[in-house]
Amino acid sequence: MNSKRMFGIVRKKSFLYLYVFVFVCIACIIGTTLRINTKKEYTFREKEYVSRCNLEVLSKFNNNTDFLVESEVCKIPRVNPFDKSIKEFLPDDPQISVCDNSNVFTYVDNNNLYINFTKSRNQVQYCSYEPIYYISNSFKLGKVSGHFNKSVRVTDEFIKVQCYDAFNKVIAKNFHTVFVKKNPNKKASDLRKHVVQMKNIPNMDNHRETRLNVLLIMIESTSRINSVRYLRKTRKYLLETLDATELLGYNKVALNTRPNTAALLTGDFIENSSCFKDSEGVDKCPFIWKEFSKLGYTTHYGQDTFYSVGKPGFKFQPTDYYDQPFHDAYQQGTKQFSNFCFNGKSSSEYVNERMFNLVSNLKDNPFFSLSMHIRMTHDSLTRAVTIDQLISKTLQRLHKNSLLNNTFLALFGDHGIRSGKVRPTFIGQLEERLPMMLMYVPPWFKTNIVAILRI
């Protein structure tokens, strides 16, 4: 076999593998959440079996009920998110949560760290920073930099900044993420060259190589119903401007975040995977980013709290870009989910800024990115409006800068709210099991996939 023919076969296979793994991603999101666990009954309450639509719940509706999903095996009623039965628990126009940023005296621009003297009103005499490193389920601080009184070049990915007054007293602690280019290994680089060179697909952004990136954004405890209430700007932009697809029957498979995300990211129930019981960590689990990494994708995973409180995490860094040490550092071990403001910013601001920074800098390389907002909405329905403000603006920036032209995007929840006054009501029980799922695919790919999503 001559070398030219062999290269053609390799190229065709690479092209096929890209599509296979993109569909694997979509299948993990859709398929694993619709499977029925036949090995172990999942119970919402001790005597309530909910592995499929609950007929007892449906008995509350008459024959004129409108359904989101209506089939022989499942009927999901369409309910008013502000139904009179729960309206007293839901402010119609909740206020955006704002953190006190009066002491955020520094900022990063193009890998340079600056002191904002306009904001600090000459209180700051000088600052210094410490790099933040990952070390087996935790973090460590590196060597303190020299003092600087205007700006300094930063080559570390995560930094803790301390600013001092004229009496050498610390008056501010700021935390920043910095984009650092990471060189892929040769094997990944070679794979990338084959994967991204796709003929027969229109180039959507001048002459940049076309590839399908994967951008996943999860918002904790967010049901479809609550997204209608409090993610209005984000939904409007996704559905009307980007023509995204909403999965109306998207269903959780387990009680809380850990088993639901385990199924999402590995394609199997958590109780079927011994790797989640390994006391050393979950490094051996078949997370989907490993498959993308094999194809030369740059991978990213970040969430604003520990993977699972009280459970083993990652002994080794799981992805090319891994944000856990940064979040652990600025939170200083805080485990109360009710706390979401840290050093002048909300945890969701940190997550959102990091996501946009990575996407905009990785635009010329195929990437897989998973960002998870946990703290803001873990025990609150209404704080979703704060994330709505963040994500809707970021989606607009991504779209206007042509950063979604070659990107598969999914915005989803792990389950609905599991606490509070709405939770015990009929609507609360319904939405707890029906998390949000909105998907966007670029126009050139839509013909192939939208029909599948809407089956």
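Start at 1 with the first residue, then count along the sequence. Keep in mind the model is a prediction, meaning the values are calculated, not measured. Every heavy atom of this structure was used, including side-chain atoms; hydrogens, water molecules and symmetry mates were not.
- Because its NZ or CZ atom is both nearer than 6.0 Å to the ring centre of Phe356 and within 45° of the ring axis, Arg397 counts as a cation-pi partner of that residue.
- Of the possible polar contacts, none joining the Gln303 side chain to the Gln324 backbone as a donor-acceptor pair under 3.5 Å is found.
- Taking CG of Leu395 as the reference point, atom CG of Leu390 lies at 11.0 Å (rounded to 0.5 Å).
- Summarising the geometry of Arg153 relative to Asn110, their closest heavy-atom pair is NH1-O, 2.8 Å, with the distance given to 0.1 Å.
- For Ser273 (side chain) and Phe276 (main-chain N/O), no donor-acceptor pair under 3.5 Å exists by modelled atom type.
- A donor-acceptor pair shorter than 3.5 Å can be found between the side chains of Asn361 and Asn357.
- Classified by interplanar angle (parallel below 30°, tilted 30° to 60°, perpendicular above 60°), the ring pair Phe179/Tyr321 is parallel.
- Side-chain contact annotation: His399 with Thr241, donor-acceptor N/O pair under 3.5 Å absent.
- Judged by distance alone, with hydrogens and angles left aside, the side-chain atoms of Ser293 form no donor-acceptor pair with the main-chain N or O of Trp289 at under 3.5 Å.
- With hydrogens and angles ignored, the 3.5 Å screen pairs no side-chain donor or acceptor of Ser145 with any backbone N or O of Ser128.
- Taking every heavy atom of both residues into account, Ser371 and Val351 meet most closely at CB-CG1, 3.8 Å.
- Look at Glu353 and Lys345 and you find a salt bridge, because one of the NZ, NE, NH1 or NH2 atoms lies within 4.0 Å of a carboxylate O, short of that distance.
- Annotation for Lys75 and Glu70: closest pair NZ-CG, 3.4 Å, computed over non-hydrogen atoms.
- You'll find the side chain of Leu398 reaches within 4.5 Å of the side chain of Val359, heavy atoms only.
- Rounding to the nearest 0.5 Å gives a distance of 8.5 Å between CD of Gln317 and OG1 of Thr299.
- The environment of Lys290 atom NZ is dense: over 12 non-hydrogen atoms of other residues, nucleotides or ligands sit within 6.0 angstrom.
- Partner of Tyr322 under the ring pair (Phe, Tyr, Trp, His ring centres under 6.0 Å) criterion, chosen from Phe158, Phe139, Tyr134: Tyr134.
- When only modelled atom types and interatomic distance are considered, Thr106 and Asn174 share a side-chain donor-acceptor pair under 3.5 Å.
- Ion pairing between Asp320 and Lys182 fails under the 4.0 Å rule for side-chain N and carboxylate O.
- Residues Thr234 and Asp388 have side chains that bring a donor and an acceptor to within less than 3.5 angstrom of each other.
- The CZ atom of Phe287 lies 6.5 Å from the SG atom of Cys275; values are rounded to the nearest 0.5 Å.
- A ring-centre distance under 6.0 Å is not found for Phe368 and Tyr297.
- Annotation: side chain of Asn112 is not in contact with side chain of Val152 (no heavy-atom distance under 4.5 Å).
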Begin from the C-alpha positions of Leu216 and Val214 and carry the test side-chain contact (heavy atoms from CB on, under 4.5 Å) through to its verdict.
CA-CA 6 Å; Leu216 308 179; Val214 177; 3.8 Å; yes
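- Here Leu265 contributes atom CG and Leu370 contributes atom CG; the two are 6.0 Å apart, rounded to the nearest 0.5 Å.
- Of all heavy-atom pairs between Pro81 and Ile86, the closest is O-CD1, 3.4 Å.
- A salt bridge links Arg224 to Glu246: at least one charged side-chain nitrogen sits closer than 4.0 Å to a carboxylate oxygen.
- At a threshold of 4.5 Å between non-hydrogen side-chain atoms, the residues Gln95 and Thr386 do not count as touching.
- In this structure, Lys421 fails the cation-pi test against Phe89, since its NZ or CZ atom is not both closer than 6.0 Å to the six-membered ring centre and inside 45 degrees of the ring normal.
- Within the 4.5 Å cutoff, side-chain heavy atoms of Leu242 are placed close to those of Tyr237.
- A salt bridge between Glu220 and Arg418 is absent, with no side-chain N of the basic residue lying under 4.0 Å from a carboxylate O of the acidic one.
- Between the CG atom in Asn405 and the CH2 atom in Trp444 there is a gap of 10.0 Å [rounded to 0.5 Å].
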Quick one: do Arg235 and Ser227 satisfy side chain to side chain donor-acceptor pair (under 3.5 Å)? Show the steps, please.
CA-CA 7 Å; Arg235 285 179 60 87; Ser227 74; 3.0 Å; yes
Take Phe326 and Tyr350 through the ring-ring contact (aromatic ring centres under 6.0 Å, His included) test and state the conclusion after the steps.
CA-CA 9 Å; Phe326 174 72; Tyr350 286 117; 5.4 Å; yes
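- Side chains of Asp156 and Tyr129 form a contact here, defined as non-hydrogen atoms less than 4.5 Å apart.
- Between the Arg375 side chain and the Asp304 main chain, a donor and an acceptor come within less than 3.5 Å of each other.
- Atom CG of residue Leu434 and atom OG of residue Ser223 lie 8.0 Å apart, to the nearest 0.5 angstrom.
- What you find for Thr257 and Met372 is that their closest heavy atoms are CG2-CE, 4.5 Å.
- Under the 3.5 Å distance criterion, the side-chain polar atoms of Asn260 are left unmatched by any main-chain donor or acceptor of Lys252.
- Using a 4.5 Å heavy-atom cutoff, the side chains of Leu403 and Ser360 are in contact.
- Remark: side-chain polar atoms of Asp283 are not paired, donor with acceptor, to backbone N or O of Phe314 under 3.5 angstrom.
- Of all heavy-atom pairs between Pro131 and Lys143, the closest is CD-O, 3.2 Å.
- When atom types are taken as modelled, the side chain of Asp278 and the backbone of Glu280 share a donor-acceptor pair closer than 3.5 angstrom.
- His373 and Asn352 share no side-chain donor-acceptor pair at under 3.5 Å.
- The side-chain heavy atoms of Leu113 and Val161, taken from C-beta on, include a pair separated by under 4.5 Å.
- Tested against Leu381 for a side chain to side chain contact (heavy atoms under 4.5 Å, CB included), the candidates Ile225, Thr222, Leu90 yield a single pass: Leu90.
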Working for side-chain contact (heavy atoms from CB on, under 4.5 Å), residues Ile217 and Leu409
CA-CA 8 Å; Ile217 305 171; Leu409 164 69; 4.0 Å; yes
Between Phe175 and Ile132, does a side-chain contact (heavy atoms from CB on, under 4.5 Å) hold up when you go through it step by step?
CA-CA 10 Å; Phe175 290 79; Ile132 302 168; 4.0 Å; yes
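- Side-chain atoms of Thr261 and Asp414 form no donor-acceptor pair, as typed in the model, at a separation below 3.5 Å.
- Ser138 places no side-chain N or O within donor-acceptor distance of the main-chain N or O of Ile135, the cut-off being under 3.5 Å.
- No side-chain donor-acceptor contact under 3.5 Å links Ser97 and Arg383.
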side-chain contact (heavy atoms from CB on, under 4.5 Å) for Met376 and Ile219? Distances and angles first, verdict last.
CA-CA 9 Å; Met376 185 72 71; Ile219 305 178; over 6 Å; no
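- Checking side-chain atoms of Thr377 against main-chain N and O of Ser380 turns up no donor-acceptor pair under 3.5 Å.
- Between Val422 and Glu431, the closest side-chain pair of non-hydrogen atoms falls below 4.5 Å.
- Under 4.0 Å is where a charged nitrogen must lie from a carboxylate oxygen, and between Glu130 and Lys173 no such pair does.
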